[in-house]
Each structure stands twice: as structure tokens, then as C-alpha cells.
Colleague: 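My structure is below; once you've seen it, I'll send some questions.
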There are 2 protein chains.
Amino acid sequence: MQINLSESQQKHMHVEEAVQSLRRIVKALHDYSTAVEQQIGLTGPQLWALWELGRAGPLSLKALSARMHLDPSTVTGVVDRLQKRDLLVRAPDLEDRRRVILSLTTAGAEVLKAAPHPAQSQLLHALHAMPPAEVEGLNRALKQVASLMEVEATPVRFFFAEE
Amino acid sequence: MQINLSESQQKHMHVEEAVQSLRRIVKALHDYSTAVEQQIGLTGPQLWALWELGRAGPLSLKALSARMHLDPSTVTGVVDRLQKRDLLVRAPDLEDRRRVILSLTTAGAEVLKAAPHPAQSQLLHALHAMPPAEVEGLNRALKQVASLMEVEATPVRFFFAEE
DNA sequence: ATAAATTAATTTGCATGCAAAAAGTTTGTA
DNA sequence: TACAAACTTTTTGCATGCAAATTAATTTAT
């Protein structure tokens, strides 16, 4: 079967598919987190925090927040729950007493050893599995999308052909 | 200054940048929602719910939940807040008394008329602004990433409105 | 040397988001 | 018809997530 599409129709199709693919990626990330939670009893953010501590050694709360790209007040809660389960400890920083030093406990390190990678790694894995040229092209296109979206910082009304 | 990078180092760089770009896209979506919230005093999900009601007429809570791809228990809360501000009303369905019929109030329709589209328009706008070849390449790469991430095939869900 | 500004972590308040269970309604079946 | 099963909404409980305010400690400026 041969169907002829106008150039704008083809483009619209690609846009729809690209949006669909982004949804699939987000869903895959979410599903992976849910599966991990079922498996080891830690939520996505909790495992992620442990994982960052495991790879980057003891960290202050702020440093951990920065690595997770989350607000410190959010990470405080995540750390509370991990501490309650003795997977990490808070210790005062003698250099700067405002700071708290977060370290894995032995139990935390054990859990981490048995745990799968956090969901972020799922994405990294996929990207590393792709041909370099593909990754480079994807990178260029994503950067452009991000730039175009950042230009429109303030809400504007958009109008679309059919929809 | 000339620095030689191995092929794997170059690839790793592209991977990092691609992940960074995805983060920027997610952040741009969030920033847009925040800007809308500042402008019209409605959160992203609240505007989204109003918008679906505006375009798809009166809906039951379940039907609205389905359109938003959110759990009914979540939408109950969103609807509560909109009802408290008289932007929509709950009415019993005489056909099936389990159901609740959600309708925009005049005030709700007014707010909607003055409001920008919900956040996903930002992304669509950016994609439509790109050269067709770029979109096609992006599409192909994203599909591959999604496939690689989907260890087991599962039905696609959504992270924002559409249709 | 001391006041002012900054910084780190926490607390509080609000809004998602889901799962599980409760309550009322309708449908299917024996 | 009676009763079980399924459906619709709400409630409850928990875990993010951010913004704004607080507290304590440190740095900067006067």
C-alpha cells in the first residue's frame, strides 16, 4: 500500500512520534523504578541517594542534593527515611559545623551491593548501547529542542493546525 | 590547545550531553508550568483538568482521569481544589448514581479563555520549529533509546496531555 | 571587633501521585 | 428474585517535590 503524504503531514507525524518516544522513555524510567521498589523495598529516590553515596563517598546533604538535582529540603526527607532504616548515618562536620556528613552504613553498602542500578543508569545504558553517530545526532537534536523551549520562557498562546 | 580524545571518550561526552539535554527539556516543561501558575494562579494539573473539560465537555471523574492518564484518587484532589474556587461543579449523574458529572462553571470557562495551553504545547512548539530533517533524526534516535530501555514490552502510558 | 550578609540544614505548608480499602451503585448470574 | 461480582468515587496513608521561613554557623564588610 502506497500513501502519499505532504511534507507538512510527514513532519507532523515525526513530531507526534518524537513526543510518543519521549513518553515511552519516561514510562520506562518509571516502570523500572517501580520494579526496583518491588524487588528491594527502596523507592527510586532512596536507591538513587544510596547509590550516589556509594560512588562518591561521604557527602554533605547539599552535595548530595546537587548530585540528584533535587532541592535540599526534599533530600532531607529521603535521608530521614534511609537513616531510620540504618542504611546511612548523619555525622557532624568538624570543619564546618553547619554541615552534615552523610555516609553509608555497613548495612547500606550491603543493600547497595545487591541492588540494581538506579533508573538513571537505565537511560545511560541505552545511550551507551547506541552507535556513536546516533548518540551524536540525538545529542544535537535534543540540545536544539531544549534551546527552543528555553527561549519561550513565558507562557504564550499557541495555535496548531488541526488537533 | 589540541586535545585528543579516544572514540569512547567522545561517545561518553555525547551521552552525558544527551542526558543533560533531557534534563533541560524536563526543566523547561516545569518552568513553563511554574510561569503559568504565577500568571493565572493555577497549577499545571489544575489547568490541564480545566482544559480537558473545556475541550471534551462534561466528563465523569473517571473519564477525566483517563484523559489525564492519572489515577482517579489523584484527580479527586485536583477537582476538589478547582471546585473550592468555583471553576467547576460536581453534579450527580441521574443515569448512574455512582458517577459524578464535572462541568466548567462560567468562571471556569472565563479563566480558561484567558489561559495559555498546558505545558505540553511548549514541547510541540519547539518540535514544529525545527527543520523536518532534524525532527526525523531525533525521532529515529529517540525510538531507539525507548526500545533499548523497554526490557519487556508494556503498554505505553503518558506523562502529559494530548490526543 | 562587630554587624551584616551568606550559607547549610531543617521545618512547615501545600500540591501532586499511587495503592489499598471503604461505601454506594449497578450489572450479571444462578 | 437474590446475591455475587464489578464499577465509580472517595478516603486514608505514604513518598516525593518545591517554596518560604527558621535556626545555627560561617564569612564578609565596615
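Here is the naming used below: chain letters follow the sequence lines, and residue numbers restart at 1 for every chain. Side chains included, hydrogens not; waters and symmetry mates left out as well; all remaining heavy atoms used. In this text, all values refer to a predicted model and were calculated from it rather than measured experimentally.
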Colleague: Would B/L102 and B/V89 satisfy side-chain contact (heavy atoms from CB on, under 4.5 Å), going step by step from the backbone distance to the final call?
Modeller: CA-CA 6 Å; B/L102 305 173; B/V89 289; over 6 Å; no

Colleague: Would you mind reading off the distance between B/K62 atom NZ and C/dT26 atom C1', rounded to a whole angstrom?
Modeller: 13 Å

Colleague: What distance do A/S65 atom OG and A/L59 atom CG have between them, rounded to the nearest 0.5 Å?
Modeller: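 Answer rounded to 0.5 Å: 10.0 Å.
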
Colleague: Working to the nearest 0.5 Å, report the span between CG of B/L88 and CD of B/Q46.
Modeller: 10.0 Å

Colleague: Assign a letter to each nucleotide of nucleotides 17-23 of chain D from its 5' end: B, base within under 4.0 Å of a protein heavy atom; S, sugar-phosphate only; -, no contact.
Modeller: BBBB---

Colleague: Can you pull the salt bridge (Lys or Arg N to Asp or Glu O under 4.0 Å) pairs that have at least one residue in residues 82-95 of chain B, sequence neighbours excluded?
Modeller: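 As it turns out, the salt bridge (Lys or Arg N to Asp or Glu O under 4.0 Å) pairs with a partner in residues 82-95 of chain B, which skip direct neighbours, are B/D80-B/R90, B/D93-B/R99.
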
Colleague: Expressed as a whole number of angstroms, how long is the span from B/L61:CG to D/dT8:P?
Modeller: 11 Å

Colleague: With a cut-off of less than 4.0 Å, is there a side-chain N or O of B/T76 near OP1 or OP2 of D/dT10?
Modeller: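 Affirmative; the distance criterion is met.
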
Colleague: Please test A/L82 against A/L50 for side-chain contact (heavy atoms from CB on, under 4.5 Å), starting from the C-alpha separation and ending with a verdict.
Modeller: CA-CA 8 Å; A/L82 290 171; A/L50 280 192; 4.1 Å; yes

Colleague: Quick one, which residues of residues 92-103 of chain B touch DNA chain D with a heavy atom under 4.0 Å?
Modeller: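 Under 4.0 Å from DNA chain D: B/R98, B/R99, B/V100.
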
Colleague: Which value, rounded to the nearest 0.5 Å, describes the distance between A/L104 atom CG and A/W51 atom CH2?
Modeller: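 Taking CG in A/L104 and CH2 in A/W51, the distance rounds to 12.5 Å.
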
Colleague: Mind calculating the distance between CZ (A/R81) and P (D/dG13) to the nearest angstrom?
Modeller: 17 Å

Colleague: Show, in sequence, the C-alpha distance, side-chain angles and deciding distance for B/V36 and B/T43, and conclude whether the side-chain contact (heavy atoms from CB on, under 4.5 Å) test is met.
Modeller: CA-CA 7 Å; B/V36 169; B/T43 64; over 6 Å; no

Colleague: How close or far is atom P of D/dC14 from atom CG of A/L42, stated in whole angstroms?
Modeller: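 Going from CG in A/L42 over to P in D/dC14 covers 17 Å.
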
Colleague: Atom CG of A/L82 and atom P of D/dA15: how far apart are they, to the nearest Å?
Modeller: 11 Å

Colleague: Send over the distance from B/D80 CG to D/dT12 C1', rounded to a whole Å.
Modeller: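 So the CG-C1' distance, B/D80 to D/dT12, works out to 14 Å.
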
Colleague: OP1 or OP2 of D/dT9 sitting under 4.0 Å from any side-chain N/O of B/R90?
Modeller: no

Colleague: Figure out the CZ/P separation between A/R85 and D/dC14, and round it to whole Å.
Modeller: 14 Å

Colleague: Please assess B/L47 against B/L112 for the test side-chain contact (heavy atoms from CB on, under 4.5 Å), listing each intermediate value before the final yes or no.
Modeller: CA-CA 8 Å; B/L47 174 59; B/L112 200 50; 4.1 Å; yes

Colleague: Closest heavy-atom contact between B/P116 and B/Q39?
Modeller: CD-NE2, 4.2 Å

